[in-house]
Structures are given as C-alpha cells and as structure tokens.
Participant: 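Got a structure for you, written out below as structure tokens; questions coming shortly.
Here is the naming used below: chain letters follow the sequence lines, and residue numbers restart at 1 for every chain. Just so it is clear, the structure is predicted and the values come from calculations on it, not from any experiment.
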Amino acid sequence: MPDKRPPRILAAIMPTDSTDNAYREQRIRNLNALSEHGHHPYGEAFTRSGTLAELRAGFEEGREVQAAGRLMAVRAMGKSVFADLRDGTGRFQLYVGRKDLPEALFDAFSLLDLGDHIGVAGTLFVTRTGEPSIHVTSWKLLSKAILQPPEKFHGLVDTEERYRKRYLDLVANPDVRARFNIRIRIMQEIRAFLAARGFQEVETPMMQPQAGGAAARPFVTRYHALDCEMYMRIAPELYLKRLLVGGFDKVFEMNRNFRNEGLDRTHNPEFTVLEVYEAYGDRHTMKRLIEELLPHLCRQVLGRLSVESAETGESIDFTPPYREVAYRDLVRERMGDGWFSLDAAAARAAAEAAGVAVDPQWDHLMITHEVYDKLIEKTLRQPTFVTRIPRPFVPLAKACSDDPALADVFEFVVAGKELCPGYTEQNDPFEQRRALAAQAGDNTERIDEDFITALEHGMPPAGGLGLGIDRLTMLLTGTEAIRDVILFPQLKAR
RNA sequence: GGGAGCGUAGCUCAGUUGGUUAGAGCAGCUGACUCUUAAUCAGCGGGUCGUGGGUUCGAGUCCCUCCGCUCCUACCA
C-alpha cells in the first residue's frame, strides 16, 4: 500500500542547528528511509472501515478492515510484531507477522517510531491471550512524528507542560480526553435540552462599547477603525434582554465571558456561561428549568443522579426537587434569631466572634453578606436555592412583591459553591435606572443608556438564569481545578 | 498583591554534610527472539542540573537576581 509516486526529497529539512537533539535526528533518518521505501511521510486521506471503537464494537473474526491511528506502543519479537494503534475513540492491537506481508513492507515497519500515524489493512482475529487484533497485511505511513512522545507508563505529569502542550497531555493521558469528552457532552445536551423546549441560541457581542451585566473589571482593547476603546464582555445579559424587547421570547447564549481578575484554581480570565431568558416567566420558571436540566444532564452524561465531590468525597444528589431557603433564614440559623435587630457595631462584633474578618466601614448589609459568604455558603452541600437576597447585590432583578428590600432571585448553590443565579428580571426602566445608578455611584457614564432605552420600549416580564459551564463540568467530573476542564487555560507567556 | 514550595536526560524520578567522570526506569541505537500487551534478554549512546551572578580549593547541593509552575491567602463567577 505504499505510495507509488516518487518519495519527496527531504534532505533540506535535516536539522543543521545544534539545538536539535539526537532523537529528532534519528527520527528524520527514519523518515528519509521510509521515503526511500515509497512512503510519503505526510500522507493524504485514508479510508477507514470505522473508528477503532467501532471496530471493537462490531468485532467479527475474519472481517477485512482498514484502520488508522497513532502508533502508541510496539512490542517486536523477531518475526512477529505487536503494536498498539490509537485514534480519538480508543485503541486496537495490530499483529504484523513476517510471512503475512511483502518483505520490504515488513522491514520498513521497524522504521516507524512511536507517535507516527499509520493506516493499516488486514483481518480481525483474536490472539491466544484473547486480545482482539488486526492481522496486518499491508500498511502505509500517514504522518511522521519527529519528536518523541511522553513516557508510556507515567504519561505526562509535569503540570506546566500539560497545560502548555495540551496536545501532548491529550495523547499521553487518556483520562484527560475522557474528561473533555464529558464537557463536550454537557454542552451538547444543554443545547439539545433547550432546543427541545423552544429556546433559540443567539450570539451577542463579545466586544462592547461598555461592559455591563455584572460587576467585574473588563479587558480593554482598542478598535482602530472607529478610534475607540472596546471592552471584552463580562456578561451577555444586557444584550439578551434587548432581544426580549425585540420579541425573542425564549433565548439562550452559551459562550465566553472575560473578566480581568486574578486566576486561581477556580478562576480563569475567560470562562463559559450559559444565560437563558424566558419572556413571561420569572425565577420560579427558572427554578423549574434547573430542576429539569440538572437531572437530565446527570442522566445523559453520567448515567446517574449523584456525583462525588472532588473536595470532600461526599455524595451530592441531583434528584429533584431541591431545597429552597431564604437568605435571611440561613443567616438567622447561623447567627441567631436576633441578628437582623443588631446595629452595625453589634453585628460586627458578633461576626468577628464567629471568626469573620469585617471592615470597620461596612454596614449591616455588608457584614451579613460577608458572614453568608464565609460561613454559610460552604455549608450548603446538597443542591439548594437560596432566595430573597438583599437588592443591592442584584441590581438587574426585580424586588419581591412582599418586600421591596429583597430581590426576587435565587442563588443555586451546590457543594458549597454558587453554581447558578436565577432572577425575576427587572423590566421597569425607572427602577432599573435607579439600581444601576446606585451601583455606579458617581461614575454615571458606566450606565448602558441604550439598554435603559430598550426597557423604555417595553421588556416583557421574564425569568433568567446564568449557569457556569466550567464549574458545572468540574462538579460532574469530580475535578478541583478549572484548568483541568478548559482545553487551553490561561498561563503566563514563557 | 502577600506567604510557602518546586524546576536534574525526550518523559518519569533519585542525587547523602558542598567532594572523583551527575545516576535509574521508560523511550532511543545495535543484536537475539513467531502470541506480546509497562514483552523479555545482552550491549551502547544520551545532561547549558530553569536563567544570570556570588561564596568556595571545589556548587545539582549554600547565598542573591530574574523566569516559569504548584499550593495557601486576598479580589471575582
């Protein structure tokens, strides 16, 4: 099966530079030797009978097949050679016997190196030790690797190398690929779930003249054609609500947000969020959506409703319905029934006594929120909707009809971390302007006037939610570092 | 931003109190071997010890600078 046409002349790419190491030179010698055998070192399309996983699933002794993949291991014993081939779906063993293929083709097999891509033709059989294998009758080089792959047994361990050279991490560590497969499935299932309920996926600007929809420092960039500053979005919310005004009743967007903040185990400067809006709904609509979506995802992606926390090992059960509890009740539960009658000084003393450091400038509201953040949220292990949150923290939501000091929202908390806020969205342009002005303080230019104008044209009452996809993936895959669920996490330039 | 730790062969790791020519496994090269699967056996090669400086008769090892990574901590989801 080697190419018939003359091999390419490759002498020109032989390394002349002393930084090239001996392994690379050896592989280039093998490349040239394969060329002389008629193998094009960087071949073209190859017709496969199926992926390696399909070959395994549809295994049938004696069946003639063609397969392709990367050479991961070679166990040569004179006149017979065993090798492991791997593609994106799995691995399969090759058996190459001296008497079963032309002598030149058998000899050239030893010029292959680990990491090379090859295509093979042969028949399926089972070895004496019970391993399904391809009895190779012909093979062809598809792509020559001139650098060594990582070690076969330990894989690639060095964390920095794993992130900087993710392609090697993926080749060397099959569990990494498995984890990203789960992330991909999660996103596919979310899209299918929402599409089945009549939601339409839209795309709104990533580059915005002002960054709204959340409180976070944005990345700034310069647009030369318009001679102005642009901001990478920190949230798509204000644009999605413009679409509610425009008549999109059920919309979602699942894409990147960018926040110019620190990076650590749970924060990457770009991260993926699902935002969903449903006209004529409210936070109860969103709560029901979450209670359907999460069990659906668990079932489809994991095949079960419980996951194990990476942090503590405890079991987290996604069987609905989930607990719903008011923010103030949680605070009273932890700090005592009298908490909301304390003045700021007494609250500060009580918070300090409970081990929470409190800024002396803070008012009762801020102190309470710090107590919630530091003491209470982490204790909510099973899926929990925390409702009735003080309005200053959620300027884009409506007030509770029975208490103007509280927002009609939930924070959905799982394993002690906020996973997803859900709102009864503010559609009153007067109230919205007041809330945004209060948040902006003196810096009034930060208010998105066009958004307020849109509200003045009439936004239907609506429910909305925002689900962090990276964190959801961490939860469902039992991963502690956000970098392990992002293919190319942010690292400093080296 | 603050604190602690780490960086040795292509990969995974040893390296003693500062002391000869820096070691091992995998991978590579040469040879043997027709059912192996971390194949096995014999032999061989492979190093800017992250970078730059310093102390010392002598530095992978001790001190300083810088680069990168990890963990803790602070801000954010």
Participant: Reckon A:Gly466 touches a base, only the sugar-phosphate, or nothing at all at heavy-atom distances under 4.0 Å?
Facilitator: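 The residue A:Gly466 makes no contact with any strand.
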Participant: Check RNA chain B against residues 143-154 of chain A and give the residues with a non-hydrogen atom under 4.0 Å, in numerical order.
Facilitator: A:Gln148, A:Glu151, A:Lys152, A:Phe153, A:His154
Participant: How would you list, by chain and number, every residue that makes a ring pair (Phe, Tyr, Trp, His ring centres under 6.0 Å) with A:Phe180, sequence neighbours excluded?
Facilitator: none
Participant: Could you go through the salt bridge (charged side-chain N to carboxylate O under 4.0 Å, His left out) check for A:Arg242 and A:Asp448 one step at a time?
Facilitator: CA-CA 12 Å; A:Arg242 284 169 168 90; A:Asp448 186 339; 3.0 Å; yes
Participant: Round to the nearest Å and state the distance from A:Arg24 atom CZ to B:A9 atom C1'.
Facilitator: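 Taking CZ of A:Arg24 and C1' of B:A9, I get 18 Å after rounding.
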Participant: Heavy-atom contacts under 4.0 Å between residues 159-167 of chain A and RNA chain B, which residues?
Facilitator: A:Thr159, A:Glu160, A:Tyr163, A:Arg164
Participant: Could I get the full list of salt bridge (charged side-chain N to carboxylate O under 4.0 Å, His left out) partners for A:Glu308, not counting sequence neighbours?
Facilitator: none
Participant: Mind checking which stems touch RNA chain B? I mean at least 3 consecutive Watson-Crick or G-U pairs, both distances under 3.5 Å.
Facilitator: B:1-7 with B:67-73, B:10-13 with B:23-26, B:28-32 with B:40-44, B:52-54 with B:62-64
Participant: A:Gln93 near the nucleic acid: base, sugar-phosphate alone, or nothing, with a heavy-atom cut-off under 4.0 Å?
Facilitator: base
Participant: Any base atoms under 4.0 Å from A:Ala172, or only sugar-phosphate, or nothing? Heavy atoms, all strands.
Facilitator: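 No contact.
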Participant: Using the aromatic ring of A:Phe271 (for Trp, its six-membered ring), decide whether it stacks on the base of B:A77 within the limits of 5.5 Å and 30°.
Facilitator: yes
Participant: Whether A:Arg75 contacts B:A39 is assessed here as follows: a side-chain N or O lying under 4.0 Å from the phosphate OP1 or OP2. Is that the case?
Facilitator: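 Yes, because at least one side-chain N or O of A:Arg75 sits under 4.0 Å from OP1 or OP2 of B:A39.
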Participant: Between A:Ala481 and A:Asn257, just flag the one whose closest nucleotide in RNA chain B comes earlier from the 5' side.
Facilitator: A:Ala481
Participant: What is the distance, to the nearest angstrom, from the CE atom on A:Met77 to the P atom on B:U34?
Facilitator: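 Rounded to whole Å, this separation is 9 Å.
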Participant: Under the ring pair (Phe, Tyr, Trp, His ring centres under 6.0 Å) rule, what pairs show up with a residue in residues 51-106 of chain A, not counting sequence neighbours?
Facilitator: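 Output for this query lists A:Phe82-A:Tyr95, A:Tyr95-A:Phe125, A:Tyr95-A:His135.
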Participant: Which residue, A:Val126 or A:Val74, contacts RNA chain B at a nucleotide closer to its 5' end, judged by nearest heavy atom?
Facilitator: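 The residue mapped nearer the 5' terminus is A:Val126.
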